[in-house]
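One structure below.
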Amino acid sequence: MKIMKFGGTSVGSAERMGAVSQLLPTQEPVIVVLSAMSGTTNHLVQIGEQLAQGNVAQADSLTRQLEQHYHKVIADLYKQDPSKDKAKQVLAQVFADIRACFDRPFSPASEKIILAQGELLSTQLFQLFQEENNITSVLLPALEFMRITPDEEPDHAYIREHLQQQLAQYPGHQLFITQGYICRNAKGEIDNLKRGGSDYTASIIGAAVKASEIQIWTDIDGMHNNDPRVVKNTYPIAELSFDEAAELAYFGAKILHPSSILPAQQHNIPVRLLNTMQPEAQGTTISSKKGGNKFKAVAAKDGIIAIKIKSSRMLLAYGFLRSVFEVFERFKTPIDMITTSEVAVSLTIDNPTYLPEITEALQRFGTVEIDTELTIVCVVGDFMEDKPGAALRVVQALRNIPLRMISYGGSKNNISILVNTAHKVEALVSINEGVFQEKEEEHA
Ligand code: ADP
Ligand code: ASP
Ligand code: MG
């Protein structure tokens, strides 16, 4: 079984849906995971925002715009009237579910119902398109098997069992279509895997069915060595190890959801990043294979907060760091980077939810300083001790930028630097010039 996930742009129009259909295998079983058509989730977010502010008229007008857009999609996508009629029924149901949220007090639960409609639309429309073209396919309802725990982690055992139950209902079928991104939470309510979550769905499903391969089809020819939205002259990377890809995804490479590599890695399932606009391109293969260039890629993650705790009690004391970490554990806030000196420790978080409580708790240990609007620039590659000079090359490239923290040696494949977000673009460009634009033999 193969998993093929298509992102928003890949299914963004009737024409693109037609192109995706051409890419599907005919002789082997596949689960196709679809995102919402491009722009839809953003539009649904806006509807939710208007409702949250009590602007029902605005929400209604945005909903009408979206509905009109989908009527146009239907007109473009199907040739036959019966298909158009069925698709109109799909629209009627989806938009009724959105409008039902207008009549009750707005809550996070309503917001999540609204956000789920993009994937419910794209998958149903795509399945009807297969039907019109006489291709047998099965729509697997993600809300029947995709579930998260109270800690918002995928409930792998539940997912495996319930997905298998769904698949077992259709022996001999080859083409299954399901929604990315959406799930149910521990209370059984509709929820989601956070923005960009369809990649995560694909990987979780891949792990659940022990797929032979997980393909992530998008609008670019694989993972590039730098953010192509910010830097010119980036290039695709043919191969990455799971660890390298996980670091890049976690530290901001938008092409992959931050958590999407782990389920594939745990079951050693290769992940391929491919381009729907250029299907013949090699793309990127992510696997357990290690090696290759010293420097592979750089990514950047914004919205970082640095916390510095300064205390003379830290001097020669053991147990100090444990007490500090316990505070973050208590408030369920993961730490990304950490550096220490004899009398101070600096660490970073990206979730500000409990910052006031964390700050108050840390003040027991010493002076606490908070810096916001920071960015982690994360250089990924193979930095074994026997390949010296890597850190020097990165820091040298950043010589004109003030560096707030440097982290090297935590793993063999990551050098992370904390800078002010105002310096992010300059940092990525400087690293491109100073680290990646050198001759190939210098990378080796
Ligand atoms: P999809 O809708 O298919 O999930 P995304 O927009 O989430 O697609 O991800 C693909 C986009 O990620 C690319 O168009 C590109 O602009 C952006 N991107 C950011 N960093 C990278 C990178 N290092 N390599 C490739 N693409 C990247
Ligand atoms: N549609 C969702 C989003 O836009 C999930 C995804 O595309 O992966 O975030
Ligand atoms: Mg995405």
Side-chain angles (χ1 to χ4, degrees), residues 4-13 16 19-20 23 32-46 48 66 112 114-123 142 146 178-183 191-205 214-238 240 244-261 271-278 281 283-284 286 295-302 377-381 424-425 428 431-432 436:
M4 297 175 82
K5 176 259 170 176
F6 295 91
T9 343
S10 301
V11 291
S13 64
R16 298 307 324 154
V20 163
L23 294 170
V32 173
V33 176
L34 298 186
S35 293
M37 296 177 80
S38 51
T40 300
T41 309
N42 286 345
H43 204 105
L44 295 169
V45 168
Q46 283 178 32
L66 193 65
K112 285 169 178 164
I114 293 174
L115 291 179
Q117 302 308 318
E119 274 71 12
L120 291 168
L121 271 170
S122 64
T123 46
M146 197 48 91
T178 193
Q179 299 85 23
Y181 176 61
I182 64 174
C183 63
D191 211 316
N192 61 63
L193 302 174
K194 312 264 160 61
R195 295 305 304 269
S198 300
D199 304 327
Y200 201 15
T201 302
S203 180
I204 295 167
I205 291 183
I214 298 162
Q215 299 182 350
I216 308 282
W217 289 83
T218 181
D219 58 3
I220 189 163
D221 54 351
M223 177 75 79
H224 278 222
N225 69 309
N226 203 328
D227 191 333
R229 296 166 301 174
V230 177
V231 177
K232 287 195 209 105
N233 301 323
T234 63
Y235 52 81
I237 308 159
L240 283 171
E244 290 166 343
E247 299 263 19
L248 288 168
Y250 185 73
F251 286 108
K254 192 194 171 227
I255 185 168
L256 282 174
H257 178 281
S259 313
S260 59
I261 290 301
V271 179
R272 294 181 64 203
L273 309 181
L274 294 158
N275 188 354
T276 357
M277 321 288 162
Q278 211 190 323
T284 300
I286 301 163
F295 292 102
K296 291 275 180 68
V298 56
K301 184 173 173 184
D302 295 332
V377 174
C378 171
V379 183
V380 160
K424 167 180 137 171
V425 173
L428 289 178
I431 287 179
N432 225 47
F436 291 102

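As the structure lists them, so they are numbered: ligands from 1, and atoms in each ligand from 1. None of these values were measured; they are calculated from a predicted model.
Each of the atoms 6 (C), 7 (O), 8 (O) of ligand 2 lies under 4.0 Å from some heavy atom of S35. Listed by number with element, the atoms of ligand 2 under 4.0 angstrom from any heavy atom of T41 are 1 (N), 2 (C), 3 (C), 4 (O).
Taking the side-chain hydrogen bond (donor to acceptor under 3.5 Å, both in side chains) definition, one finds that T123 meets it with Q179, sequence neighbours left out.
Side chains of K296 and L240 form a contact here, defined as non-hydrogen atoms less than 4.5 Å apart. Side-chain contact check for R195 versus N42: some heavy-atom pair is nearer than 4.5 Å.
Note: no N/O pair closer than 3.5 Å links Y181 and ligand 2 by distance alone. Residue contacts with ligand 2: G196 is placed with a nitrogen or oxygen under 3.5 Å of a nitrogen or oxygen of the ligand (distance criterion only).
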Full working for side-chain contact (heavy atoms from CB on, under 4.5 Å) between L121 and M37: CA-CA 8 Å; L121 271 170; M37 296 177 80; over 6 Å; no
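With K194, K5, R195, E119 as candidates, the residue nearest to atom 1 (N) of ligand 2 on a non-hydrogen basis is E119. Here atom 6 (C) of ligand 2 lies nearest to S198 when heavy atoms of S198, S122, G7, S10 are compared.
Between the side chain of N432 and the main chain of K232, a donor-acceptor pair closer than 3.5 Å is present. Looking at T40, its side chain never comes within 3.5 Å of a backbone N or O of G118 through a donor-acceptor pair. Checked by atom type and distance alone, the side chain of S122 pairs as donor or acceptor with a backbone atom of S35 at under 3.5 Å.
A heavy-atom separation below 4.0 Å is not found between G118 and ligand 2.
Considering M146, H257, E119 as possible partners of Y181, the one that fulfils the side-chain contact (heavy atoms from CB on, under 4.5 Å) test is E119. A side-chain contact (heavy atoms from CB on, under 4.5 Å) with L256 holds for exactly one of I286, T218, T284, L248; it is I286.
Contact annotation: for H257 versus ligand 2, there are no heavy atoms closer than 4.0 Å.
Protein residues having at least one heavy atom under 4.0 Å from any atom of ligand 1 are K5, G7, G8, T218, D219, I220, G222, M223, H224, N226, D227, P228, R229, K254, I255, listed by chain and number.
By the 30° and 60° cut-offs, the orientation of the rings of F295 relative to F436 is perpendicular.
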